[in-house]
Amino acid sequence: MPRQSYSDEYASAHGRFSVIPAGYVFLFDDRRVLLQRRAGTGYYDGWWGASAAGHVDAGESVVDGTVREADEEIGVVIAPADLAPLTAMHRTGPTSAAVEQRVDFFFCTRSWSGTPHLRETKADDLRWFDLDDLPELVVHHERWVLERFAAGDLPPITAYGFGGHDPNDAPLGEASGPASTAT
């Protein structure tokens, strides 16, 4: 039996809210994590973030999008089976703007082929850091994931920036950061 799709009428009545999906992957070597320093994006420039991350394209699965981003950004090939899920994060920013409504899928891997190197201009450095000695400026929600992972208490589903209404929500103080709507 074929899959069904929502009707145009349903979509127009219920399509008022949407979230922007993104996939993140952290490459690990023992207790070291590979991070890239953002540059020229208008969002957290000068801050360290995931080894590779990016928006999931329409019609693309989050796994395929994450694997694609790793190749595009740092030149490594990751087999989909080698992506280990860390958490799915429903995130909001400091405003109620549509662009602030996000769903982020965090993965890690210890297995890839190729030597990580920067391939895009949206980052200007790529370095390994010990999980217990992260740089000061790590993008807030990404730092929260890394710290919870290192502590062994990262829930499989998290909320971030909603003011603590969810037991897995990060404290509001941790969710604040540069006010920007670009990624």
Side-chain angles (χ1 to χ4, degrees), residues 18-45 47-93 98-129 131 134-135 138-150 152 154-161 168 170 175 177 180-183:
S18 62
V19 295
I20 299 169
Y24 297 68
V25 63
F26 292 110
L27 275 62
F28 282 104
D29 176 18
D30 274 337
R31 296 230 358 123
R32 295 187 319 152
V33 61
L34 185 66
L35 300 178
Q36 61 174 287
R37 188 172 58 203
R38 299 178 60 85
T41 68
Y43 184 76
Y44 281 100
D45 289 336
W47 291 58
W48 295 89
S51 307
H55 296 135
V56 177
D57 292 339
E60 179 179 54
S61 76
V62 68
V63 169
D64 288 344
T66 303
V67 166
R68 174 184 50 77
E69 289 288 348
D71 182 33
E72 289 176 1
E73 291 187 10
I74 59 172
V76 298
V77 176
I78 301 171
D82 289 332
L83 286 177
L86 295 177
T87 192
M89 176 183 284
H90 184 202
R91 175 170 60 96
T92 190
V99 73
E100 301 277 7
Q101 309 311 306
R102 305 289 174 137
V103 61
D104 299 326
F105 299 89
F106 288 89
F107 299 94
C108 71
T109 189
R110 296 178 187 278
S111 179
W112 60 89
S113 60
T115 301
H117 62 282
L118 293 176
R119 295 185 65 187
E120 295 184 334
T121 59
K122 64 182 182 177
D124 64 6
D125 200 356
L126 187 66
R127 290 190 208 167
W128 291 97
F129 294 93
L131 275 175
L134 295 173
V138 175
V139 176
H140 291 94
H141 64 284
E142 296 180 46
R143 174 183 284 282
W144 190 83
V145 169
L146 287 170
E147 288 176 348
R148 300 281 53 84
F149 175 75
L154 179 63
I157 306 291
T158 57
Y160 194 93
N168 295 323
S180 174
T181 58
T183 56

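These numbers come from a predicted model, not from an experiment.
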For this session: Can you see which heavy atom on Gln36 is nearest to which on Glu73, and at what distance?
Result: NE2-OE1, 2.8 Å
Exercise. In terms of side-chain geometry, is the basic nitrogen of Arg32 or Asp29 positioned less than 4.0 Å from the acidic oxygen of its partner?
Worked result: yes
Exercise. Can you tell me how far the CG atom of Leu126 sits from the CG atom of Leu118, to the nearest 0.5 Å?
Worked result: 5.0 Å
Exercise. Is any side-chain N of the basic residue among Asp57 and Arg68 closer than 4.0 Å to the acidic one's carboxylate O?
Worked result: yes
Problem set entry | Distance, nearest 0.5 Å, that separates CD1 of Ile78 from OG of Ser111 | 8.5 Å
Exercise. Taking Asp45 for the side chain and Gly42 for the main chain, is one N or O donor matched with an acceptor at less than 3.5 Å?
Worked result: yes
Exercise. Within a strict 4.5 Å, meaning less than it, do heavy atoms of the Val103 and Val62 side chains meet?
Worked result: no
Exercise. Taking the six-membered ring for Trp, are Phe26 and Phe28 parallel (under 30°), tilted (30 to 60°) or perpendicular (over 60°)?
Worked result: tilted
Exercise. Does any N or O in the side chain of Arg143 come within less than 3.5 Å of the main-chain N or O of Pro135, such that one atom is a donor and the other an acceptor?
Worked result: yes
Exercise. Can you tell me how far the OG1 atom of Thr87 sits from the CZ atom of Phe107, to the nearest 0.5 Å?
Worked result: 10.5 Å
For this session: Examine distances only and state if a side-chain atom of Arg119 and a backbone atom of Pro116 form a donor-acceptor pair shorter than 3.5 Å.
Result: no
Exercise. Do Phe106 and Glu142 pass the side-chain contact (heavy atoms from CB on, under 4.5 Å) test, and can you show the C-alpha distance, the side-chain angles, and the key distance before you say yes or no?
Worked result: CA-CA 9 Å; Phe106 288 89; Glu142 296 180 46; 4.1 Å; yes
Exercise. With no hydrogens and no angle check, is any side-chain donor or acceptor of Thr109 less than 3.5 Å from a backbone partner on Asp82?
Worked result: yes
For this session: Find the distance between CG (Leu146) and NE2 (His141) and round it off to the nearest 0.5 Å.
Result: 10.5 Å
Exercise. Which pair of heavy atoms, one from Phe129 and one from Leu134, lies closest together, and at what distance?
Worked result: CB-CD2, 4.3 Å
Exercise. Under 3.5 Å, side chain of Ser51 to main-chain N/O of Leu27, donor-acceptor pair present?
Worked result: yes
For this session: Taking the side chain as every heavy atom from C-beta outward, state whether Tyr24 and Met89 have any pair of such atoms under 4.5 Å apart.
Result: no
Problem set entry | His140 side chain to Tyr160 side chain, donor-acceptor N/O pair below 3.5 angstrom | no
Problem set entry | Atom pair CZ (Arg148) and CG (Leu154), whose distance is rounded to the nearest 0.5 Å | 8.0 Å
Exercise. Within the distance-only criterion (no hydrogens, no angle test), does the side chain of Arg38 pair as donor or acceptor with the backbone N or O of Gly49 below 3.5 angstrom?
Worked result: no
Exercise. Going by atom types alone, do Glu100 and Thr92 pair a side-chain donor with an acceptor below 3.5 Å?
Worked result: no
For this session: Taking the side chain as every heavy atom from C-beta outward, state whether Val56 and Phe105 have any pair of such atoms under 4.5 Å apart.
Result: no
Exercise. Can you name the nearest heavy-atom pair linking Glu72 to Glu120, along with the distance?
Worked result: O-CG, 3.6 Å
For this session: Output, in order, the C-alpha distance, side-chain angles, deciding distance and verdict of side-chain contact (heavy atoms from CB on, under 4.5 Å) for Val19 and Arg102.
Result: CA-CA 5 Å; Val19 295; Arg102 305 289 174 137; 5.9 Å; no
Problem set entry | Side chain proximity check, Asp71 to Val76, heavy atoms < 4.5 angstrom | no
Exercise. Counting only N and O atoms by type, is there a donor-acceptor contact under 3.5 Å from the side chain of Arg110 to the main-chain atoms of Asp30?
Worked result: yes
Problem set entry | Asp64 CG to Glu69 CD distance, which is reported to the nearest 0.5 Å | 12.0 Å
Problem set entry | Minimal non-hydrogen separation, Ala70 against Ala52, with atom names | CA-CB, 3.7 Å
